[in-house]
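See below for the structure under consideration.
In listed order, ligands and their atoms are each counted from 1.
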Amino acid sequence: MIWLPYTQMKNHATQLEVKKARGSKIYLKNGKTLIDGISSWWSVCHGYNHPVLVKSIQKQAKALSHIMLAGFKNDQTYKLSKRLCDFCKMDKIFFSDSGSTAIEVAMKIAWQYFINIKEPNKTKFVSFKNSYHGDTTGAMSLADLNSGMHKKFKKLLLKNHSLHLPRNLKELDRFEELLKKKQDEIAAIFMEPMVQCAGGMKFIDPKITKKIYTLAKKYNILFIADECAVGFYRTGKKFGFTHSNIKPDILCIGKAMTGGMLTMAATLTTNKIYNSFLSDSLDNALMHGPTFMGNPLASAAGNASLDIFEKSNYEEKIKDDEQFLKEQLTCLSNNPKVIDVRIIGLIAAIEIKGDFDLMVHLRQEFIKQGVFLRPFSNCVYLMPPLNIKRKDLKKITETIKKVLS
Ligand SMILES: *Cc1c(COP(=O)(O)O)cnc(C)c1O
């Protein structure tokens, strides 16, 4: 029998039985239709079963579903590597199979970069409280291990610095002091630019991100942007870091990278980092290679997804949607149970007073009203497909207002 994610299996709610999904709609076996407010963990950016994606995968499956990346070159994967480097304005791309793995790879690249350039004591990472970088061992090490779901694994994990995100100049000064003191041991700063998603949809002032980036540069520390959640226009710009006008040393992407069709992620770097791995010895090379790395089917989905991005004007559309969400949802802050309403791009977060049981209750209420949302901790949020129609978006906002009142 199956074991479900983040679930107490002893008493979990019944799973909704899905028949099919199209665009922003999920069709259940019981005849009910749900409008999807969270794009299957933020991955299905062009809606479910987008015909361009389906066609691309079908065609690729007939020709070549999988071939290993060691020893073989296939067109889809090489084409995608070039296109994603252009899209992300990075120089080199290393494929993997999930966001967590992309983070592990980023850790290894940062760590080994400093070995390669003969600064082997730079072995520690900095991350921020409320950030989420994945569930594998290295990625868990970046979590806040004094609270949060990975706390019990503390003894297993790497000792890193999980810091409060600086919010003002004074806190930035204190942050700088730490970097200055520990610059000889810190390899990299991991950050979710613009929005810390799984950690509670916490927004970050892009000016603060810029400052953190500048300090990283000043102290010879790599800046690693984890864009698994907000990359590909979620916040209205191409990436979260685009708001800060910076260029990360290492970039992790996942989730929406294949339009949410197949599992694939990537770690991108600059030539400067990549070149440090070049030598006559395998010892300097990056010794990593997931079995399904660069899978041609997933690459076909990735290429088709980029085709859609090139043909659509998501920036414009999401700007309008953001305005609409503000008009619709800002009034919720008058509700005495609501602590905060935050909106950027196609993300809206409504923090409320309430516990886990209330969230479970709310989930069921939303479903009754024909909307799929999955509030967590104390946050009702929406992150629908980027191309969601206005009518469907309105149905979601009206349902939220109705249920919360
Ligand atoms: C989802 C997510 C990850 C992990 O990705 P998986 O594909 O679930 O392993 C890492 N970082 C961020 C910011 C994420 O949202």
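- With respect to Val126, the side chain to side chain contact (heavy atoms under 4.5 Å, CB included) criterion is satisfied by exactly one of Leu163, Ile212, Ile224: Leu163.
- Ser305 pairs with exactly one of Leu80, Leu53, Val52 by the side chain to side chain contact (heavy atoms under 4.5 Å, CB included) rule, that one being Leu53.
- Using the six-membered ring where Trp is involved, Tyr233 and Phe87 have ring planes that are perpendicular, over 60° apart on the 30 and 60° scheme.
- The cationic atom of Arg390 (NZ for Lys, CZ for Arg) lies less than 6.0 Å from the six-membered ring centre of Phe324 and within 45° of the ring axis.
- In this structure, Lys317 places its NZ atom where more than 12 heavy-atom neighbours from other residues, nucleotides or ligands lie under 6.0 Å away.
- Within 4.0 Å of ligand 1, contacts by protein heavy atoms are made from Trp42, Ser98, Gly99, Ser100, Tyr132, His133, Gly134, Glu192, Asp226, Cys228, Ala229, Lys255.
- For the pair Ile352/Leu358, a side-chain contact is recorded, criterion being any heavy-atom separation below 4.5 Å from C-beta on.
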